[in-house]
Q: 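This is the structure, below, for whatever I ask next.
Reminder, nothing fancy here: chain letters follow the sequence lines and each chain counts from 1. Only a predicted model underlies this, so the values are computations on that prediction, with no experimental measurement involved.
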Number of protein chains: 2
Amino acid sequence: MSSRDTGTEQLIKNTAKHLFFAEGKLHATTQEIADAAGVNRTLVNYYFRSRDILFDQVFNEAQEDLFQTLDDVFESDMPFKEKIKNLISVFLKEAMQFPYRELFIITEMNRHDVINAKKARIQKVNTFLEEIQLEMDKGTIKTMNPRHFAINLFSLMAYPLVTAPLNRILFGMNDEDYSALMEERKQLIFEIIFL
Amino acid sequence: MSSRDTGTEQLIKNTAKHLFFAEGKLHATTQEIADAAGVNRTLVNYYFRSRDILFDQVFNEAQEDLFQTLDDVFESDMPFKEKIKNLISVFLKEAMQFPYRELFIITEMNRHDVINAKKARIQKVNTFLEEIQLEMDKGTIKTMNPRHFAINLFSLMAYPLVTAPLNRILFGMNDEDYSALMEERKQLIFEIIFL
DNA sequence: TTTAAGTTTGACAAAATTGTTAAACAAAAG
DNA sequence: CTTTTGTTTAACAATTTTGTCAAACTTAAA
């Protein structure tokens, strides 16, 4: 860090994340980011050199944050059911704040050409899948390809928040009502996934 | 139509839809669209006047197509379970071809300021919700807010296709394997939703 | 208080994207 | 064949977005 830190660099980055992940403004311009942050646009270049570099940083941190959250949950020493309950609680909380984070990751992957994950990452996923398989063997959850279990879990958590603007309209609900509906899902998803 | 139809207008629109809905290139430029269609860029202006108008048309048609698909399924005269089986089959097929269509709708809604649905549309949704409620009363499906049932259903169908690029990497699967996994879901989702 | 280093700003330049126009072209109608 | 009408193209213009730079500013250290 430099000798004098005004927090502007973080402010810009956080504002960008808010526009991308929270508001779903997936193609915000540097001007829009600067305006939202209340700073001069050239500061984006001063701190990040270019728009692309800012995007890359946000992209990488989004991935790291997501993986960190999942790792924290899975490397904790709990019985499987507890882990899942915890995962739902933690993930849904983050997803309610940043519903479009995964979407941003996906669309950025589509813009460039798809990257491949680190071996360590894939290993962790496999460990999770094995843990799921173990539960199936125990009979706690319905038998299927463990990937389906993981896919189901994340679909049930993430998608309703992505489609919130559309759902609110179709269901005739305001923000508050819809949030309440999402809260209910913590319990509901757990019940669907097990049993 | 005009006296001489070269099909170029449709070609441009279809190519745009393919970039947006199939490839997830949610912010393709007119040049990228023209290139993908193999036509001169100015034809986009000739046929659509402006980029915005093209986007608006694609947006409206995406919504119409989505709703039409759902209406066709729900206004058909079948028992509930059959309808759902049919919905899964039809929707998943479309979603495999155009995984990002709903996403495009959502992000366009976020770019402008959210529109409100026609009353007729909301009425149809309510009819569907009532039908779900009826099934719950009959005991065919787990009792919950019918909106959850609808949300669960669409989440399980749509999200795995949206996150395909990420999932393929994390699960170490190629396109073919992942498609096979998605095929399996037709049956799987049905089993999760009922019971 | 002067200096030095980082920060912020506005003016400007460059690049990317979109839109316009006139002319060339192609095909159907007269 | 000529005319008419719709289509396509290339050159150009306008706009939007991004990037650069020097000067002004601010604060900490000398």
Q: Let me know the distance between CG of A:Leu43 and C1' of D:dC21, rounded to the nearest Å.
A: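 These atoms are roughly 14 Å apart.
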Q: Take atom CZ of A:Arg51 and atom P of D:dT18, then tell me their distance rounded to the nearest Å.
A: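 Atom CZ in A:Arg51 sits about 5 Å away from atom P in D:dT18.
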Q: For the side chain of A:Thr30, counting heavy atoms from C-beta on, which of D:dT18, D:dT8, C:dT18 is nearest?
A: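 In terms of side-chain proximity for A:Thr30, the closest of D:dT18, D:dT8, C:dT18 is D:dT18.
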Q: It should be established whether A:Thr29 places a side-chain nitrogen or oxygen under 4.0 Å from OP1 or OP2 of nucleotide D:dT16.
A: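 Answer is no, no contact under 4.0 Å.
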Q: Out of C:dG19, D:dT9, D:dT7, which has the shortest distance to the side chain of B:Tyr46?
A: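 Among the listed nucleotides, the one closest to the side chain of B:Tyr46 is D:dT7.
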Q: Students often mix this up, so state it plainly: with edges at 30° and 60°, are the rings of B:Phe80 and B:Phe149 parallel, tilted or perpendicular?
A: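 Plane angle between 30° and 60°, so tilted.
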Q: Given C:dT9, D:dT20, D:dT18, identify the nucleotide with an atom nearest to the side chain of A:Asn45.
A: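 The listed nucleotide nearest to A:Asn45's side chain is D:dT20.
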Q: Nearest whole Å is fine: how far is C:dT18 P from B:Ile53 CD1?
A: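 That distance rounds to 14 Å.
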Q: At their closest point, which heavy atom of A:Met109 faces which heavy atom of B:Pro165, and how far apart are they?
A: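 Smallest heavy-atom distance, with atoms named: CE-O, 3.9 Å.
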Q: Starting from C1' on D:dG19, measure out to CD1 on A:Ile33 and report it in whole angstrom.
A: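 Taking CD1 of A:Ile33 and C1' of D:dG19, I get 15 Å after rounding.
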Q: Examine the base of D:dG19 for any acceptor or donor lying under 3.5 Å from a partner atom in the side chain of A:Arg41, and report the outcome as yes or no.
A: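 For A:Arg41, whose side chain was compared with the base of D:dG19, there is a donor-acceptor pair (under 3.5 Å).
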Q: Looking at the side chain of B:Asn40, which of C:dT7, D:dT9, C:dT9 is the nearest nucleotide?
A: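 Nearest listed nucleotide: D:dT9.
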Q: Of the options D:dT20, D:dT9, C:dG19, whose atoms approach the side-chain atoms of B:Thr42 most closely?
A: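 Side chain of B:Thr42 sits closest to D:dT9.
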Q: Think B:Thr8 has a side-chain N or O under 4.0 angstrom from the OP1 or OP2 of D:dT8?
A: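 Yes.
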Q: Tell me the interatomic distance from A:Leu54, atom CG, to D:dG19, atom P, rounded to whole angstroms.
A: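 That distance rounds to 10 Å.
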Q: Just say parallel, tilted or perpendicular for the rings of B:Phe154 and B:Phe91, cut-offs at 30° and 60°.
A: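 B:Phe154 and B:Phe91: perpendicular rings.
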Q: Just checking B:Tyr178 against B:Phe171, ring centres under 6.0 Å apart?
A: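 Distance test on ring centres: not under 6.0 Å, no.
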Q: With a 4.0 Å cut-off on heavy atoms, is A:Tyr47 in touch with a base, just the backbone sugar-phosphate, or nothing at all?
A: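 Result for A:Tyr47 = sugar-phosphate.
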Q: Please report the distance, rounded to the nearest Å, between CG in A:Asp5 and P in C:dA5.
A: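 Whole-Å distance recorded here is 18 Å.
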Q: Is the distance between the ring centroids of A:Phe20 and A:Phe55 under 6.0 Å?
A: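 Yes: the rings meet the under 6.0 Å criterion.
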